[in-house]
Amino acid sequence: MAQLHRRRDGRVLGGVAAGLATHLGIPVLAVRVAFVVLLLFNGLGALLYAVFWAVLTPADEPNRPQTGRLATLVLAGGLALLVIMARIVLFGDPSSSSALGWLFALIAAGAGIIWHQTAAASRPGMAGSGLLGVLTGPGRAGFLLRFVGGGVLILGGIMGLLAVVAPLTGGGLSAVLNGLLFTLIAMAGVGLMTAPLLWRMFGALREEREARIREQERAEFAAMVHDQVLHTLALIQRHTTSGSTAYRLARAQERTLRNWLYKPSGSPHEKFAAALEQAAGEVEDAYGITVEVVVVGDADTDERFQALVAAAREAMVNAARHAQVDSVSLYAEVEPDQVNVFVRDRGVGFDLANVNGDRHGVRGSIIGRMERHGGRAEIISAPGEGTEVRLRLPLPAVRKENGA
Amino acid sequence: MSGTPVPGSTEAGEAGRPLRVFLVDDHAMFRAGVRAELGGQLAVDPSGEGGPPRSITVVGEAGTVAEAIQQIVALTPDVVLLDVHMPDGGGRAVLEATRRQLGSGTTVRFLALSVSDAAEDVIGLIRAGARGYVTKRISAQELATAIRRVAEGDAVFSPRLAGFVLDAFAARPEVPLADPELDQLTTREREVLRLLARGYAYKEIARELYISIKTVETHVSNVLRKLQMSNRYELSRWAADRRLI
């Protein structure tokens, strides 16, 4: 048999009749006629329809929150209740005993809402099940609203029943108040009894959720260590005879791990600092040296910044290839009106007069590139003194300092 | 107060006396490595004024916070090499407890040693009173120089720490300064820090700026004082945010 849902397709009002018909396997017309006939009995048909409407989930989106509809229903129920109470209390209307059906329906509606909420909430991925799942679920406020709404309906129904029954036993208004009092006391009692239990269950669920989060983090960490670090360690053990390979592997792994631990600030395609760090990492990997990167300030990258990064990369590559050092310093500072990048090594250095003319890397990739983008490159070196490449890129005055 | 003694005055009589160093690190292998490396080192006079080199003696080591506190108070070494990340509160717990027990006038100085290059990790330690920070990749020779520098009342910054300080003290006109003297770097201090971040040694900085190494040391010490005392938002935020474990 089909699940009981409201149906969006083929609906006239809320899709209740269509859903019922599908569920029971009878023509939809019969259900609609039944509702209309029931309407004659003190409007019972309308009330039943409203109850079904509140309780049933739409077929296509079974977990949609129903707060809006519920509010309407509670309002309507409350109004109906007020009218009935007024008739009973003020006019002693004898015909009001026919309101019994209404009141029972009210109780049923309240219970139905609560039952429905608890059932619908035990969806996959949620802690615990049933009522507890709802209590700790994401829509806790909505749940509370529905729970209270359902409770109000039940309470109202019980009060109404007492009021209807009381005149037969000769009570009147005081009986209504007594009934209200007794109901409240009874509910308080039930609340007191269940409160410690609920509290304990809350606590257990909270702990369970925290444990699950911890376990998730641990699993993520374990996966990273397994995929990366253990793998690298195994590779290093196989390359014990080659010191430079082991060094390179260890350095690359260290960089990956650091990136993972200290979440870099942005993607190399968007941020200047990240792009520089990526370039430095590539040089480290390719030449087995260490690049000490220090970046002060940051900016969104554009093609001028990309040219600057490329020039800096070329300077690092030159240092790695010719300076005979195992460590290079890279310092970049983003200021409101300019960016400066320094690539420095303490290597063998060279005589600028002998080299500048013919080495394409320096001329084209560094000096030329910087000049094409309105910047400047300066190379300071002397044999035995190490080398420093200074790159400067002026920024348009309108560019605002970005996160520096 | 971080009472920086006038460089060269109090140490004049001690020149040549071995530097007594204490190691705090929860990795026994690392302690053994540093001990072996430092054993043969002579720390040359970093100020370049031709003072006699001082040998380095490792007088003790500890692998836990409690042990470290007890032994440092008992031994009062010249310099404590302090690991940042340790169980039970890390280097900061050691630093705070020993400084409390020894009083503010103590001559025991602390040099933070961290595997992490993230200077944010070390800011808490610096603000708690450490006089410098080096990474564990530092060479034995450089470490010896750093130890001597710290022992003689100066400060030791790694390039990355220098970069971080430049960042933290960046001029932001919209931020009001509570104490301009403490919350701002002078142009000269900025220049020195920039060169440090560019990988220059003190000697090279001195040559670049046409000042003496002593002057460079004084600038760095002043920056350290500002780093420790300033209430700039960036610094207090780091100190509060970072849980050093």
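Computed from heavy atoms alone, side chains included, the values below leave out hydrogens, waters and symmetry copies. Fair warning: this is a prediction, and the values are worked out from it, not measured in the lab. First the proteins, then the strands, lettered A, B, ... as listed; each starts at 1.
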| field | Closest non-hydrogen atom pair between Gly199(B) and Ser329(A), with its separation | value | CA-OG, 3.6 Å
| remark: Taking every heavy atom of Arg390(A) against every heavy atom of Tyr200(B), the minimum-distance pair comes out as NH2-OH, 3.5 Å
| query | Any idea which of Val343(A), Thr290(A), Val293(A) has the most non-hydrogen atom pairs under 4.5 angstrom with chain B? | reply | Val293(A)
| task | Report yes if the side chains of Leu195(B) and Phe342(A) come closer than 4.5 Å at any heavy-atom pair, otherwise no. | result | no
| message | Any carboxylate oxygen within less than 4.0 angstrom of a Lys/Arg side-chain nitrogen, looking at Glu333(A) and Arg194(B)? | response | yes
| Are Glu204(B) and Arg344(A) within salt-bridge range, i.e. N to O under 4.0 Å? | yes
Near [X] [atom1], under 6.0 Å, is it more than 12 heavy atoms from other residues, nucleotides or ligands?
X: Glu215(A); atom1: CD; result: yes
X: Asp326(A); atom1: CG; result: no
X: Gln141(B); atom1: CD; result: no
X: Arg376(A); atom1: CZ; result: no

| field | Gap separating the OG1 atom of Thr135(B) from the CD atom of Glu292(A), nearest 0.5 angstrom | value | 6.5 Å
| Hey, what do you get for CD1 (Ile380(A)) to CD (Glu208(B)), rounding to the nearest 0.5 Å? | 8.0 Å
| Heavy-atom contact with chain B under 4.5 Å, split by part of Val295(A) | backbone
| Segment of Ala201(B) engaging chain A (4.5 angstrom heavy-atom cut-off) | both
